[in-house]
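To keep things clear, I will list the structure first and then write my remarks on it.
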Amino acid sequence: MKSPRKTTLCFLIIVTYSSQATLNLNLKSIVYPALLREQELAGEDPARQKRAVAMHPPPAPEFTVDIEVSFENASFLEPIRAYLNSLRFPVQGNDTDPATRILNIEVTTVCRPTRNEIWCSCETGYRWPQERCLPHLTCQEHDGSHAGSPCSCLKGLPPEGPFCQLQGGAVTLRMSVRLNVGFQEDLRNSSSALYRSYKTDLETAFWKGYSILPGFKLVTVTGFRPGSVVVAYEVTSTAAPLELMRKANEQVTQSLNQTYKLDSSSFHITYSNETKFSISPEIIFEGDTVTLMCEIEVPSSNVSWHHVERGFEVQNSSRFSIYTVMLNMTSVSRFTIYNITQEDAGDYICRLTIDVFAYWSTKKVVVTPIRILAQENMKVMCDNNPVFLNCCSEITANWSKIEWKQEGSISIPGISETDTESGCSRYTLMADGTQCPSGSSGTTVAYTCEFFSAHGARGSKDIKVTFISVAKLTITPDPISVSEGQNFSIKCISDVSNYDEMYWNTSAGIRIYKRFYTTRRYPNRAESVLTVQTSTREWNGTYHCIFRYKNSYSVMAKDVTVHPLPLEPDIMVDPLEAAIPCTSSHHIKCCIEENEDYKIFQTGSLSFPAVKEVIGKQVCYRHNFKANSVSCPENVDVFCHFINAANTSVRSPPMKLKLVPEENMTCHDPIIGVGEPGKVIQKLCRFSNIRRIPGSPIGGTVTYRCVGSQWKVKRNDCISAPINILLQLAEALIKSPSQDEKLPSYLKNLSISTDKAKLEVYAFPGSLGAIINILDLLSTVPTQVNSEMMMHFLSTVNVILSKTILNSWKMSQEQKTNQSSQLLDSVERFSRAFRSEDSIISQPNVQMKSMVIRSGLPTSYKQGFVFLDSDLWGNVSIDENELKYLQPESFIVTVAFPTLQSILDQDVQGKNFANSLVMTTTVSHKITTPFRISMTFKNNDPSGRVPLCVFWNFNLNNHTGGWDSSGCYVKEVTEDSMSCSCDHLTSFSILMSPDSPDPGSLLKILLDIISYIGLCFSILSLAACLAVEAVVWKSVTKNRTSSMRHICIVNIAASLLVADIWFMVAAAVHDHHFPLNETACVAATFFVHFFYLSVFFWMLTLGLMLFYRLVFILHDTSKSVQKAIAFSLGYGCPLVISTITVGATQPREVYTRKNACWLNWEDTKALLAFVIPALIIVVVNMTITVVVIAKILRPSIGDKPSKQEKSSLFQISKSIGVLTPLLGLTWGFGLATVFEGSNAVFHIVFTLLNAFQGLFILLFGCLWDQKVQGALLNKFSLSRWSSQHSKSTSLASSTPVFSMSSPISRRFNNLFGKTGTYNVSTPETTSSSLENTSSAYSLLN
């Protein structure tokens, strides 16, 4: 091809045509044919291959021709562009070659002169091939392409092709067009004939139209949808220039049958893969500034941004910025989001719309919160050791920086080390004592690590660091030197109050048992005090006070010197007591189990020398005491004083010597001594003539009695040698500083030794008590007991509860000891310390089962015990609803005894045991809420007596223990078993109690009949009383005093009526006539409490009013004030008391009793909220009654003695009859029923008086009132009597007995200090003095 070097402008066009023909262009310029390339569809370029619909013949061969056109005038370019764009393709050939059609003409390359050079640039969609784009040929200022890649501009036109080529791969255009015809449902079915017909016709027209597109490959109809008929189709080509698309659309319109009514304005094209969409940064954090960049190779500024999830088009605002610019025929739009949040996350669409084209692309924006990982709370010791605070981001990102800052009352800086690539930073602290002195120990400083991203996001994390000063300890400065038996204490003080643990150690590293020291924490310090009440030689040594915080220890040491000195209980004296003839002498001695030099004997101010004897391990100090050395006869107490090297002394138990004449001594024994007939003395067993193994010291005492001329053993409390050694070891163990470490081995030794010494326990009665004392001592030691320790403990219990030892127990009961209660208490105390998984221990005479309460939903506790040898069994169960209130990891332990029921003492009321198990259940942690346990016992009682569920109450009988039934009741009794339920935990059994009133007893039936009949009569009587008061109200309340009296009567009757009704409801619930509903029971209890208290307070109001009228005769108070006081006292006080009671007890569910609807007594003593006010009111009203009687007994002037005596007796009787039911004095009989074991007569009298109280109020408080009688007669009598009565004066309304002329009436006037002839029922229109005069009558009648 020739290059036109002299032309001003040239351009190359590519012409595609079919058939073979000579191309003639109607152009005035010169046409230079450059290259002719023939390409067949089935040939070398499949991209150019065209396919027709099957029903059409194969298309003619297509050819592509590159044509170079040169112009001297550059202004010709645009007219030629316009001309080419105006052509409608295909263009038919001329007459010489009608078979040739021009399918498409496109401009590909334009060359222009620039800076004395020719720059040839490619049109949109075209690029120079890669081999043409060499660095020295490209237009560097115009083309930003890299070397070796396609470019858009070259310097100079290459001498030969190829020229600018169509770029890019195949592009699929999603298009749609509307047909203005009705939509038919068959168009939804791709297999229908209508669908196939539409698809074929449309695709034929589409092929004809879109085949002119560069690189056209395929067009396919994808479906139809309503909206007339909307056709969706896809066109695949390498490019789709706008002008060509318009021409193609016009060709489609012309090619399609007009019956389809295609709307030529409805063409719509969507591009999705010609848009470059990028997001910066790749990892987006909250707070970042995010840029979304959209590049579309279409020059237009009509770009919009859309947020898909929020469904709106983004507009410029304070947080959103959109900037669009056109560069090199490309639209570039930048969308910036400032301080991005989670709400901004989601899919974003970049859309550009030109004519029928819509270019769009979607990207998802993911916003990640900044999560920083760090230990939020730390404790740092101010010991100058490095401590590291670490912060790391959860997502590794290239952070721009990481900063640390602190905030707090003290400043302790550190050094930061940051690795931005890994996203971690470490802050090193080295705090010393100067930076956090002891006064600031425990101060918390917040250290904040803050991460900054390169795009503006920032996130922080606080690490709260508590600085703990290293404890500086001070300890008791004085040297500690004590003797055995003395006490000492060591105080250790820390200048800081924060520590994880505080404890004491011996110099050998053995921890001191916790019971020996106490620790207290104060705001600025802490202290621990080691206290030893009875020091032994084992305490001699060095002790360390240790405060630990994490791995930091503060230690102070103190030396303790303990000088040997025997303890008083360890000094054995002989004799304990003895009679010495005045002319004789007696050997006395004191012995200890150690070889030290001590001195001396003395009595009073006299001292005696002692001779030391060593017998094996025993050292004795002897003296021959002569009676003539002191006056005779005389009682002398002799002691041994042991003085050690520290000049500390201890005195032995006294030896009581009685110097007597020799005449009456009949009993003589060289070991026991002398004595008169009947004389009783005690002697240590080891110094007595009790048989024993030589060299084996035994313990205990033996009691002798002088009978005739011989000493007889009265009581033997000797302890066998093995058991005595165990007792001594146990006494030393509880004083040892490491007793908890020694306890397991001791328990094992105790179990083995006790089992070997069974016969000795039987032979030596004191051995049983010694073992019980050992168990009691050991039960105070442990804080935690494991299964092995419990097994050894119960093995020892099994031995002493065996049937062979029962005779020893009988002797113990005869001596009135409480050893059985002591043993039971020891087992319970030891069981509470049990800390082991679910365990079972079974011995012939004792069994134990346990369970641990796990966190979450606990299962119910059910354990069964069977003793075949004793033919006894029992079960214990606790519902899961009860267990859920226990602390997690609590331990429940139940121990059952088959023989203990025959050993425990009878209770104080002499009730007999049933032959049943004794089961004790304990919980390791303290129970703060009501707790219910159910048990089932085998019933072996043949008598058929009513059983009673009981528990062992250690507080009864002066704390020696006894059976108690409080809080327990019988649930069910069958022929072979009975069930009990109790609201507490301890040792349970059943008693047969013939003295207690069982439900079927005559006394119980009698009391029930009296109560229900009396209450029915009372309810009817009170209702009648209220009815009578309503009828006569206006007639009897004409003056102030009478009005207040009847107000009191009405409220007493109304309150008592409601209280009796609620009492019967509560009794019905209690007697199981209705199901025991907790809410109904609480309500019944509250109203019974409230209304009975109201009855008492209205009685108090009535009594106080009577007292007011008796004492304050001339004082006057308005009626409204009296009413206000009366109602406040009558209902206000009861409401306050009853409300406080239920509010204080019901939240803990201890308001009512477990088996009755009445105030609780066992748990909270809530019953006192009724008893105390009631009894106080009874006492006050009794006092008022005495004052009334005393007033009546004062004689009036002019009365004769005989008349005075008779009237006084009548007035006293009448006053007592009226005031007793009105003032509640019958409740005073209730005092007699409070005491346990009170006579049944008191119960019957109290029930009678109170059950019929309503009837008494009707009779004495209402119907006996003369004004009430007169009002009733006036209301219901014959008209004649009524007419006559209406003419009488108010004076005549009184009976002669109460007229002013009678002596009794004068007594009433004298009672209030008044004389005269005016009527006591004068209407209120009279003076106040007259009203005061009538007060006694109004109140008493």
Side-chain angles (χ1 to χ4, degrees), residues 49-57 59 169-213 215-238 240 242 244-275 304 306-313 346-362 364:
Q49 185 178 2
K50 305 296 180 182
R51 293 184 177 87
V53 182
M55 65 181 66
H56 295 278
V171 177
T172 299
L173 307 178
R174 288 193 295 273
M175 302 184 64
S176 64
V177 68
R178 185 173 64 254
L179 308 179
N180 292 324
V181 294
F183 185 83
Q184 301 180 49
E185 289 300 320
D186 284 348
L187 292 177
R188 299 182 187 273
N189 184 4
S190 61
S191 61
S192 66
L194 181 64
Y195 185 96
R196 290 197 299 271
S197 175
Y198 268 57
K199 179 179 175 68
T200 300
D201 293 345
L202 288 167
E203 286 183 348
T204 300
F206 291 155
W207 272 94
K208 291 181 180 179
Y210 297 114
S211 61
I212 68 174
L213 297 178
F216 173 76
K217 291 184 178 181
L218 184 68
V219 60
T220 305
V221 174
T222 59
F224 305 91
R225 63 179 185 270
S228 295
V229 175
V230 179
V231 183
Y233 60 100
E234 293 181 350
V235 178
T236 304
S237 66
T238 56
L242 177 60
L244 285 181
M245 286 302 300
R246 289 174 180 167
K247 294 177 182 180
N249 291 339
E250 292 175 0
Q251 182 65 38
V252 170
T253 304
Q254 295 174 3
S255 301
L256 186 64
N257 193 310
Q258 296 300 316
T259 58
Y260 284 98
K261 299 181 180 180
L262 185 143
D263 186 352
S264 60
S265 64
S266 65
F267 284 99
H268 186 77
I269 307 170
T270 302
Y271 278 98
S272 61
N273 58 352
E274 290 203 1
T275 303
S304 61
H306 302 266
H307 192 187
V308 177
E309 283 78 9
R310 298 169 71 177
F312 72 91
E313 181 179 348
D347 291 321
Y348 284 86
I349 297 176
C350 170
R351 184 189 301 273
L352 185 147
T353 304
I354 300 178
D355 200 2
V356 296
F357 289 89
Y359 299 87
W360 64 276
S361 184
T362 303
K364 189 176 188 67

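Note that the coordinates shown come from a computational prediction; the quantities given were computed from them, not determined experimentally.
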Can you list the steps and then say if Val177 with Asp263 is a side-chain contact (heavy atoms from CB on, under 4.5 Å)? CA-CA 7 Å; Val177 68; Asp263 186 352; 5.7 Å; no

For the ring pair His306 and Phe312, is the centre-to-centre distance below 6.0 Å? no

Do Phe267 and Ile269 pass the side-chain contact (heavy atoms from CB on, under 4.5 Å) test, and can you show the C-alpha distance, the side-chain angles, and the key distance before you say yes or no? CA-CA 7 Å; Phe267 284 99; Ile269 307 170; 5.7 Å; no

Within a strict 4.5 Å, meaning less than it, do heavy atoms of the Asp347 and Glu309 side chains meet? yes

Would you check if the side chain of Thr222 reaches a backbone N or O of Ala232 as a donor-acceptor pair within less than 3.5 Å? yes

I would like to know whether Met245 and Leu173 meet side-chain contact (heavy atoms from CB on, under 4.5 Å); could you show each step before the answer? CA-CA 11 Å; Met245 286 302 300; Leu173 307 178; 4.2 Å; yes

Would you say that Ile212 contacts Lys247 through its side chain, given a criterion of any heavy-atom pair below 4.5 Å between the two side chains? yes

Is there a donor-acceptor pair closer than 3.5 Å between any side-chain N or O of Ser197 and the backbone N or O of Ala193? no

Approximate separation, where rounding is to 0.5 Å, of Ser264 OG and Gln254 CD: 10.5 Å

Decide yes or no for Asn189 and Tyr195: does some side-chain heavy atom of the first lie under 4.5 Å from some side-chain heavy atom of the second? no

Examine distances only and state if a side-chain atom of Gln251 and a backbone atom of Tyr210 form a donor-acceptor pair shorter than 3.5 Å. no

Begin from the C-alpha positions of Glu185 and Arg188 and carry the test salt bridge (Lys or Arg N to Asp or Glu O under 4.0 Å) through to its verdict. CA-CA 6 Å; Glu185 289 300 320; Arg188 299 182 187 273; 2.8 Å; yes

Is the shortest side-chain heavy-atom distance between Tyr233 and Val219 below 4.5 Å? yes

Where the side chain of Ser192 meets the backbone of Asp186, is there a donor-acceptor pair that is under 3.5 Å apart? yes

Are Phe224 and Phe183, when compared by the centres of their aromatic rings, separated by less than 6.0 Å? no

Qualifying residue, where the test is side chain to side chain contact (heavy atoms under 4.5 Å, CB included) with Ser237 and the options are Leu218, Leu213, Leu244: Leu213

Distance check, rounded to the nearest 0.5 Å: Ser255 atom OG versus Glu250 atom CD? 11.5 Å

Salt-bridge contact Lys199-Glu203 (side-chain N to carboxylate O under 4.0 Å): yes

My understanding is that only one of Asn257, Val252, Leu256 makes a side chain to side chain contact (heavy atoms under 4.5 Å, CB included) with Leu202; could you say which? Leu256

Please report the interatomic distance CZ(Arg351) to CD(Glu313), rounded to the nearest 0.5 Å. 9.5 Å

State the CZ-OG distance between Arg196 and Ser190, to the nearest 0.5 angstrom. 9.0 Å

Derivation of the side-chain contact (heavy atoms from CB on, under 4.5 Å) call for Val231 and Tyr198: CA-CA 9 Å; Val231 183; Tyr198 268 57; 5.8 Å; no

With rounding to the nearest 0.5 angstrom, report the CZ to OG distance, Arg225 to Ser176. 5.5 Å

Walk me through whether Tyr260 and Asn180 qualify under side chain to side chain donor-acceptor pair (under 3.5 Å). CA-CA 7 Å; Tyr260 284 98; Asn180 292 324; over 6 Å; no

I need the minimum non-hydrogen distance between Thr253 and Gln258, along with the two atoms involved. O-NE2, 3.8 Å

Measuring from Ser265:OG to Asn249:CG, what's the distance to the nearest 0.5 Å? 11.0 Å

Considering only heavy atoms from C-beta outward, does the side chain of Val235 approach that of Phe216 to under 4.5 Å? yes

